[in-house]
Amino acid sequence: MAATRARPSAREIFATLEYGPVPESHACALAWLDTQDRRLGHYVSGKWLKPEHRNSVPCQDPITGESLASCLQAQAEDVVAAVEVAGKAFENWSGLPGASRAQHLIRLAKMIQKHQRLLWTLESLVTGRAVREIRDKDVPLAQQLLQYHAVQACTQEEVLAGWEPMGVVGLILSPTFSFLEMMWRICPALAVGCTVVVLVPPASPTPLLLAQLAGELGSFPGILNVISGPASLGPVLASQPRVQKVAFCGAVEGGLRLLIQESVWDETMRRLQERMARLRAGRGLDGAVDMGARGAAAHDLAQRYVREARSEGAQVFQAGDVPSDSPFFPPTLVSDLLPASPCSQAEVPWPVVAASRFRTAKEALAMANRTPRGGSASVWSERLGQALELGYGLQVGTVWINAHGLRNSEVPTGGCKESGSSWHGGLDGLYEYLRPSGTPGRLAYFSESMNYDTFGLAVPSTLPAGPEIGPSPTAPYGLFIGGRFQAPGARSSRPIQDSQGKLHSYVAEGGAKDIRGAVEAAHQATPGWVSQSPGARASLLWALASALERRESALASRLERHGVEFKAAKVEVELSVRQLRAWGARAQAQGHVLQVAELKGPVLRLREPLGVLAIVCPDEWPLLAFVSLLAAALAHGNSVVLVPSGACPIPALEVCQDMATLLPAGLVNVVTGDRDHLTRCLALHQDIQALWYFGSAQGSQFVEWASAGNLKPVWVNRGCPRAWDQEAKGAGPELGLRAARTKALWLPMGD
Amino acid sequence: MSARNWGTELDLSWISKIQVNQPAVLRRAEQIQTRRTVKKEWQAAWLLKAVTFIDLTTLSGDDTSSNVQRLCYKAKYPIREDLLKALNMHDKGITTAAVCVYPARVSDAVKALKTAGCTIPVASVATGFPAGQTHLKTRLEEIRLAVEDGATEIDVVINRTLVLTGQWEALYDEIRQFRKACGEAHLKTILATGELASLTNVYKASMIAMMAGSDFIKTSTGKETVNATFPVAIVMLRAIRDFFWKTGNKIGFKPAGGIRSAKDSLAWLSLIKEELGDEWLTPELFRIGASTLLSDIERQIYHHVTGRYAAYHDLAMC
């Protein structure tokens, strides 16, 4: 170990040409901790708070174990107080003109610039990460984020007209995070006018420093508040009525999975090992190390994984100039893991790379997509055609072609599948903290007594309900699955009453098996629909619009039967037709090219279909809501399973008659029945990529809870009806945002 | 110098599939300059090591025997004796690796070094330096004359026309003939990478030069607008590594042009260490072509030893 060895003389070094220590002084970080007497509290409303009678947790240097400070742990009342402060600050902050908010963010960027050394040494000291990484990448990017979002704030009134800030945002950080991840979330939130309460895990001083820097700008002290506390405070923060949005921030990047084509396997492995052998690990505050350490827990995790992989017969290569003692762990290359072994399924921990071989690009794509994670991936190939095809096919949020790990404030980053569906950076990142103007905020509806086990479990049995005085022709009957009307699996029906309470007709009583069938049919239709050009999608939607127009009087009379006035019914049909045409037209304007600083070459911002989208339609506007939701989903290339309005499902079934002849089979599936039950079936289905629910508050709560199973994106209305006839709320951009996911495809160029 | 590279048969399959990923090379080049620094004793030792890699060069129209003589003297005594003593390095025989001059100045240099009683090799540029736009016959004759005058290392420039038009066989044949004309002298082949248009061409030209028997490949003449850059160096070093993996022959590398500061020289040393390893950090396999670098290194050593920055007159001119 370097510390115990006498310092070598120049004469000795002349012979060995070894590297020496390049310690970065962290005196300023310690001095900053001293200003708090090595006892850190919370930073709320521009002031340090150190409430009495709180537990404290030591903050340690992860490498030496030396105690740096103690951090007070918040209790529920501290969280409540911080939310209160943020709520008050919101009233001022959100009312400011965008240009003034921009000014403030720029001032914060300058503040960070002035104190950057303190920032990077503190972060490196407490996390053990290489100081070089923080100094050269994170700190400049933090400033860039503030600057970019200042520009966005400045143009907000113009570009984001029709949207308003959500309110107080609660941000919950995971135990291993980088302060940059916090910046990705607070910058857009602050820019659009939200205020933030951040709950940081015990012993994370950097967010507190950032809050202090923001607080010392003088004005608007309450916009960024940081409290440190245990994870158990997360639900407390989330359930505060004033908190309108909760954002999470996961762990720092783990290890990597590497897929290498068989024909270049040997060559690639040789080069990889050669390169790995030259990596240097050491104390994060050393200016000449490639990697630091991430503490004992990360070390043990990596060690366990490697031991397990070895026992499963994998090849393990370890190299690099790494101190032999914990918490340092050498960069490790694991190869020849069998696909079925537990290690191939498990997440690869840092600093491990698990390599496996593939034969064809198609196989590589299948292997890469067969994982629940969908954050980012890089493709290395000199054949542009092949690289692009893989880039489009990968189910991830970010793809780098012949590059890795690039980030820029203008490029949205996010993920799909279990990597979450929220976005940071770019315009997409701003929408996370906005809602259409005039829509109600998040209601603090949360029923403690909700029984998730029984919600929608049983379907009340239905009996004949009196004389059927149906109009002629009789309403279509059956579940619309796979392009045709089918009898329900349960072989029973439910009566639909008209506005007078008389029996209108029966609809099929769908159940779990029917949902399964509908999802299967939708999956089969997906590849065909995705590969259709936007123009082809548009013309089908337009054809459907014309069909609806021809069916106008029938549809209007169905609506009338349900108590809609004749005139209003006609308007609803007309609006529905217009929606189909509008979304058809919008199908053609998807995605765009970004040009970012520091990168030669474009970044493509793609809008990709979600896959199979399940929609539980609202009771209000039974035709218009159904058609609007359907049109937006189809225009973006999704296939859908819909549950139409419960009270008035007949107009939707009428539309199905046209879809049967116009659309590819299985693209749209409509299942009628008990809405709670069908909602339950949909929410618990793992192979649905997104779920929209417009119904009761209770149903919304259930959907959010159940969908956590595969973290599919959900959109629920919490029991609030929408004005579907109005552009902003009904049909507007929000639908378009939700109906597709963004992918950023980086294409560096140069020869 | 190390054992001579006798070259290999021309094998175009070694270069036909190569495609250099330029953006990735640029990123690696950017990283490597910030990731490795050395301080204190390490810095002093590394700088002294860098001195031993220098081909101390003068390539000006106004070179005469007197400034060549001064250059040779500086090559023998690159760092002030008292500074070396302070570092306990005075008995290490630290000199530069070679002196490098125009062909017409070779005899001056050989004489001056002989007078000074040292065995530092004399390198001469040749083959229509710097453009290479003269007839092959005169280019070959130039090599022979420089060798006759006592140059033991010949820095030849390649014919860029052959690279830009993809005539790899012709390039191989020319360098082969240079090799022959050198006889026992070492052949250092200047690729003039600033004029090769792409990194892929740099790789291919490197490979051809090594197959044809170059003992060193060198980035540039110092007279092009773009000189020794890190991205180009990475590509050449990877080619050297590939050649080593294929044949077992270690070929040397010489960046030249634009390396002026001590800090630059440290970055070059760490680049070699990172890309090829410590085995390449010897004057047999690594040279830095430079004229003003040495005075900055001496300045830094002065500062390391005395804790003060040197005045202009504290150090001898070269």
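Given the structure is predicted, the values throughout are model-derived calculations rather than measurements. Order of the sequence lines fixes the chain letters, A, B, ..., with proteins taken first and strands second; residue numbering starts at 1 for each chain.
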### Working for side chain to side chain contact (heavy atoms under 4.5 Å, CB included), residues A:Glu18 and B:Val38
CA-CA 9 Å; A:Glu18 60 180 14; B:Val38 278; over 6 Å; no
## Note on the structure
Turns out that what part of B:Lys273 lies under 4.5 Å from chain A's heavy atoms comes down to both
### Query
Nearest heavy-atom pair of B:Arg36 and A:Arg278: which atoms, and what distance?
NH2-O, 3.2 Å
### Message
Suppose we call two aromatic rings close when their centres sit under 6.0 Å apart. Are A:Tyr19 and B:Trp46 close by that rule?
### Response
yes
### Task
Sort out for me which of B:Lys40, B:Arg27, B:Gln43, B:Arg238 touches chain A most, counting heavy-atom pairs under 4.5 Å.
B:Arg27
### Least distance between heavy atoms, B:Ala24 atom then A:Trp380 atom
CB-CZ3, 3.9 Å
### Message
Looking at chain A, which one of B:Lys92, B:Arg241, B:Gln31 has the largest number of heavy-atom pairs inside 4.5 Å, strictly under?
### Response
B:Arg241
### Message
So for atom NZ, which belongs to B:Lys263, do other residues, nucleotides or ligands contribute more than 12 heavy atoms lying within a distance under 6.0 Å?
### Response
no
### Contact check, side chains of A:Arg132 and B:Thr37, non-hydrogen atoms, under 4.5 Å
no
#### Entry: Option that, when pairs with chain B are counted at under 4.5 Å, heavy atom only, ranks first among A:Leu17, A:Asn402, A:Val22
A:Leu17
### Task
Identify which part of B:Thr34 has an atom lying under 4.5 Å from any heavy atom of chain A, answering side chain, backbone, both or neither.
both
### Task
Working to the nearest 0.5 Å, report the span between NZ of A:Lys600 and CD of B:Gln22.
5.0 Å
### Message
Under 4.0 Å between a side-chain nitrogen and a carboxylate oxygen: does that hold for B:Arg35 and A:Asp136?
### Response
no
### Query
For atom NZ of B:Lys246, is the number of surrounding heavy atoms from other residues, nucleotides or ligands below 6.0 Å larger than 12?
yes
### Message
For A:Phe14 and B:Leu87: C-alpha separation, side-chain torsions, deciding distance, then whether side chain to side chain contact (heavy atoms under 4.5 Å, CB included) applies.
### Response
CA-CA 11 Å; A:Phe14 185 79; B:Leu87 289 166; over 6 Å; no
### Message
Please classify the contact of A:Arg275 with chain B as side chain, backbone, both or neither, using a heavy-atom distance under 4.5 Å.
### Response
side chain
### Message
Using heavy-atom distances under 4.5 Å, tell me whether B:Ile94 contacts chain A through its side chain, its backbone, both, or neither.
### Response
side chain
### Message
Using the rule given for side chain to side chain contact (heavy atoms under 4.5 Å, CB included), can you reason through B:Leu199 versus A:Asp751, listing the C-alpha separation, both sets of side-chain angles and the distance that settles it, and then say yes or no?
### Response
CA-CA 7 Å; B:Leu199 291 180; A:Asp751 180 30; over 6 Å; no
### Query
Which one of A:Leu279, A:Val289, A:Leu599, A:Asp290 has the most heavy-atom pairs closer than 4.5 Å to chain B?
A:Asp290
### Task
Give, as side chain, backbone, both or neither, the part of A:Glu133 having an atom under 4.5 angstrom from any heavy atom of chain B.
neither
### Task
Evaluate the side chain to side chain contact (heavy atoms under 4.5 Å, CB included) criterion for residues A:Glu274 and B:Trp245: first the C-alpha distance (whole Å), next the side-chain angles of each, then the deciding distance (0.1 Å), finally the verdict.
CA-CA 12 Å; A:Glu274 179 79 15; B:Trp245 281 351; 3.8 Å; yes
### Heavy atoms from other residues, nucleotides or ligands near CD of A:Gln116 exceed 12 (cutoff 6.0 Å)
yes
### Message
Could you check whether B:Lys39 pairs with A:Asp286 (Lys NZ or Arg NE/NH1/NH2 to Asp/Glu carboxylate O, under 4.0 Å)?
### Response
no
### Message
Under a 3.5 Å distance rule, please check whether A:Arg11 uses its side chain to pair with a backbone N or O of B:Asn88 as donor and acceptor.
### Response
yes
### Task
State, to 0.1 Å, how close A:Pro748 and B:Pro23 come at their nearest heavy-atom pair, and which atoms those are.
CB-CB, 3.8 Å
### Part of B:Thr52 within contact of chain A (heavy atom distance under 4.5 Å)
side chain
